[in-house]
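Okay, so here's the structure we're looking at.
All ligand and atom numbering here is 1-based and tracks the order in the structure.
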Amino acid sequence: MAERRAVLWLLAAAVWLAACDRPAPIVAFSGPTMGTTYSVKAVGPLPEGLDAAALQADLAGLLERLDQAMSTYRADSQVSAINRRDDDRPIALLPEVYAVLREAFEIHALTGGAFDITVGPLVDLWGFGPEQAGDRLPDPARIAALRAHVGMDKLRLIHEPPSLVKLDPAVRIDLSAIAKGYAVDALAERLEALGVENYLVEIGGELRVRGRNAEGRPWRIGIERPDPAGRRAGWLIEPGDAAVATSGNYRNFREVQGMRVAHIIDPRTGLPVRHDLVSVTVVAARCSRADALATALFVMGPEEGFALASRRNLAAFFVSAGEDGYRTRATAAFEALWVRSDPSSP
Ligand code: ADP
Ligand code: MG
């Protein structure tokens, strides 16, 4: 009898193990947003009363609202309205815009001004904004004139009621380096509110994961090798329930009069960054923070950026161009996430 029970128990255990091994049903969809694309993977049966089409419509609506609030490409966005304002009276903010601005001020302070949402006019001048520049390098006098209206000290964020004051009404804001991360967080939080426990959400390469993938294992994230010709996975990490964002120079750049011009501007000089860094990847609990930090550490470069990341115990990974290939450096917090730290091993 005892033997029979043991056999039954073993059978039950085997069935349970098999159930754990079987890939869970997965819902996956994608679409355009914020000048790039988003993609969502939800693993496990969807909660009662929720189907894939309804879920996609819900999340697409959320993205549309955020893009509508924060795009510099849309004349009717709140950011465009802020940029048109030419007085110093407080501008009442949408909750989402307030949340992004608060984070932007935090990262600005943390990085000694390397992250700065007022660099927009310089980004445009160097040819990456809504108004594309020509094929000549900008005139230094023009750079100096624009720099007079760049700097987050020319803005004041008021917490109650959430509003923004343009101390210099000529200042313009550009949330490109943080808005995608914020939108990733919004998607993740919406999924959690709907009862989805295992997911990967991604917008333009910035992503956030939680729980398990379709194989029932923790999500693994590949970090591309800096190869302009293609997108090859190189390094591999297991970030846990966290966000991963990369800021890079290797795809979004222009060649002007023989000079390689990056789309990331050092607000402290008014010039595109010029060190040999090709990408910085940051892992953090929230994607808005990872996104902004990746941009800021990229501005700061392989020495200053790495020092700050180590001092603050940030999980950050720096890839620089070297004589023969590239050089990499990971902070201690990032080292803890490695699945494959050598991209040449299979
Ligand atoms: P991407 O959005 O291309 O993946 P990032 O997240 O690093 O990369 O954002 C880069 C964008 O941020 C630029 O295209 C520009 O609009 C803006 N930007 C450039 N320099 C800075 C800076 N120092 N601080 C904040 N935003 C910046
Ligand atoms: Mg960024």
Side-chain angles (χ1 to χ4, degrees), residues 33-38 67 70-73 79-80 83 100-101 103-133 143 146-147 150-153 155 171-185 202-208 223-224 226 228 231 243-254 261-275 277-284 286-301 304-305 308 314 316 318-319:
T33 189
M34 298 185 158
T36 176
T37 55
Y38 75 90
D67 191 49
M70 296 187 219
S71 175
T72 44
Y73 292 81
V79 164
S80 292
N83 289 340
V100 170
L101 288 176
E103 181 104 58
F105 272 92
E106 253 177 62
I107 304 295
H108 176 75
L110 178 70
T111 61
F115 184 81
D116 194 313
I117 56 167
T118 68
V119 294
L122 293 167
V123 175
D124 291 357
L125 182 68
W126 288 95
F128 293 98
E131 304 138 37
Q132 294 285 310
I143 298 173
L146 289 179
R147 280 188 73 194
V150 168
M152 287 177 66
D153 56 336
L155 295 171
V171 166
R172 282 170 43 198
I173 65 171
D174 164 17
L175 303 178
S176 312
I178 186 171
K180 286 197 294 288
Y182 181 82
V184 164
D185 290 327
E202 174 265 337
I203 302 179
E206 324 297 26
L207 60 90
R208 182 165 152 179
I223 299 163
E224 278 177 52
R231 304 181 168 207
V244 185
T246 299
S247 194
N249 208 359
Y250 51 94
R251 223 172 300 117
N252 199 351
F253 65 88
R254 309 187 324 130
V261 175
H263 72 310
I264 297 180
I265 306 288
D266 188 337
R268 303 165 302 182
T269 60
L271 307 175
V273 292
R274 295 218 53 193
H275 43 60
L277 208 52
V278 276
S279 72
V280 178
T281 299
V282 174
V283 177
R286 289 183 50 82
C287 200
S288 58
R289 192 175 167 82
D291 190 3
L293 279 172
T295 304
L297 295 177
F298 191 87
V299 169
M300 296 175 84
E304 199 194 349
L308 176 80
L314 307 174
F318 295 69
V319 182

Logged contact type for Ile264 with ligand 1, heavy-atom cut-off 4.0 Å, is both

Using a 3.5 Å distance criterion without hydrogens, assess whether the side chain of Asn83 forms a donor-acceptor pair with backbone atoms of Ile173.
yes

Has Thr111 got a side-chain atom pairing as donor or acceptor with Ile107's backbone, closer than 3.5 angstrom?
yes

Give a yes or no on whether the backbone of Ser288 and the side-chain of Asp185 come within a donor-acceptor separation of less than 3.5 Å.
yes

Closer than 4.0 Å to some heavy atom of Phe115 - which atoms of ligand 1 meet that?
24 (N), 25 (C)

Whether the Thr281 and Thr246 side chains hold a donor-acceptor pair (N or O, under 3.5 Å, no angle test) is what I'd like checked.
yes

Are any of the N or O atoms of Asp116 closer than 3.5 Å to those of ligand 1?
yes

Is the Mg ion (ligand 2) less than 2.8 Å from an N/O/S atom of Asp291, whether that atom is in the backbone or a side chain?
yes

Closer than 4.0 angstrom: is that true for some heavy atom of Gly120 and an atom of ligand 1?
no

Taking the six-membered ring for Trp and the full ring for Phe, Tyr or His, determine whether the centres of Phe298 and His275 are under 6.0 Å apart.
yes

So does Ala243 get a backbone contact from the side chain of Arg286, meaning a donor-acceptor N/O pair under 3.5 Å?
no

State whether the shortest distance between N or O atoms of Asp266 and N or O atoms of ligand 1 falls below 3.5 angstrom.
no

What atoms in ligand 1 come closer than 4.0 Å to a heavy atom of Asp291?
6 (O)

Can you figure out which of Arg268, Glu206, His263, Met152 has its heavy atom closest to atom 3 (O) of ligand 1?
His263

Pull out every atom of ligand 1 sitting under 4.0 Å from any heavy atom of Val299, numbered as shown with elements.
23 (N)

Suppose I only count heavy atoms of Ser247 and a 4.0 Å limit; which atoms of ligand 1 are within that range?
5 (P), 7 (O)

Could you walk me through whether Glu304 and Arg268 satisfy the salt bridge (charged side-chain N to carboxylate O under 4.0 Å, His left out) test, starting with their C-alpha distance in whole Å, then the side-chain angles of each, then the deciding distance to 0.1 Å, before giving a yes or no?
CA-CA 14 Å; Glu304 199 194 349; Arg268 303 165 302 182; 3.2 Å; yes

For Lys180, take its heavy atoms, then give the atoms of ligand 1 lying under 4.0 Å from any of them.
1 (P), 2 (O), 4 (O)

Please check this pair: side chain of Arg208 against backbone of Ala284, looking for a donor-acceptor N/O pair closer than 3.5 Å.
no

For ligand 1, is there an N or O atom under 3.5 Å from any N or O atom of Ile265?
yes

Output the list of atoms in ligand 1 that are nearer than 4.0 Å to some heavy atom of Asp174, sorted by atom number.
15 (C), 16 (O), 17 (C)

Taking the basic N atoms (NZ, or NE/NH1/NH2) and the acidic carboxylate oxygens, is any pair closer than 4.0 Å for Arg172 and Asp124?
yes

Heavy atom to atom 26 (N) of ligand 1, shortest distance: which of Ala177, Gly181, Pro272 holds it?
Ala177

Metal site the Mg ion (ligand 2): N/O/S of Ala177 inside 2.8 Å:
yes

Backbone N or O of Phe115 within a donor-acceptor pair of the His108 side chain at under 3.5 Å?
yes

Is the backbone of Gly270 close enough, under 3.5 Å, to the side chain of Trp126 for a donor and an acceptor to pair up by distance?
yes

Donor-acceptor pair, Thr37 side chain versus Thr33 backbone, under 3.5 Å?
no

Answer yes or no for Pro267: is there a heavy-atom contact with ligand 1 below 4.0 Å?
yes

How about Thr295: does one of its N, O or S atoms come closer than 2.8 Å to the Mg ion (ligand 2)?
yes

Distance-only N or O hit between ligand 1 and Ala114, under 3.5 Å
yes

Atoms in ligand 1 flagged as close to Val119, the criterion being non-hydrogen separation under 4.0 Å
18 (N), 19 (C), 20 (N), 21 (C), 22 (C), 27 (C)

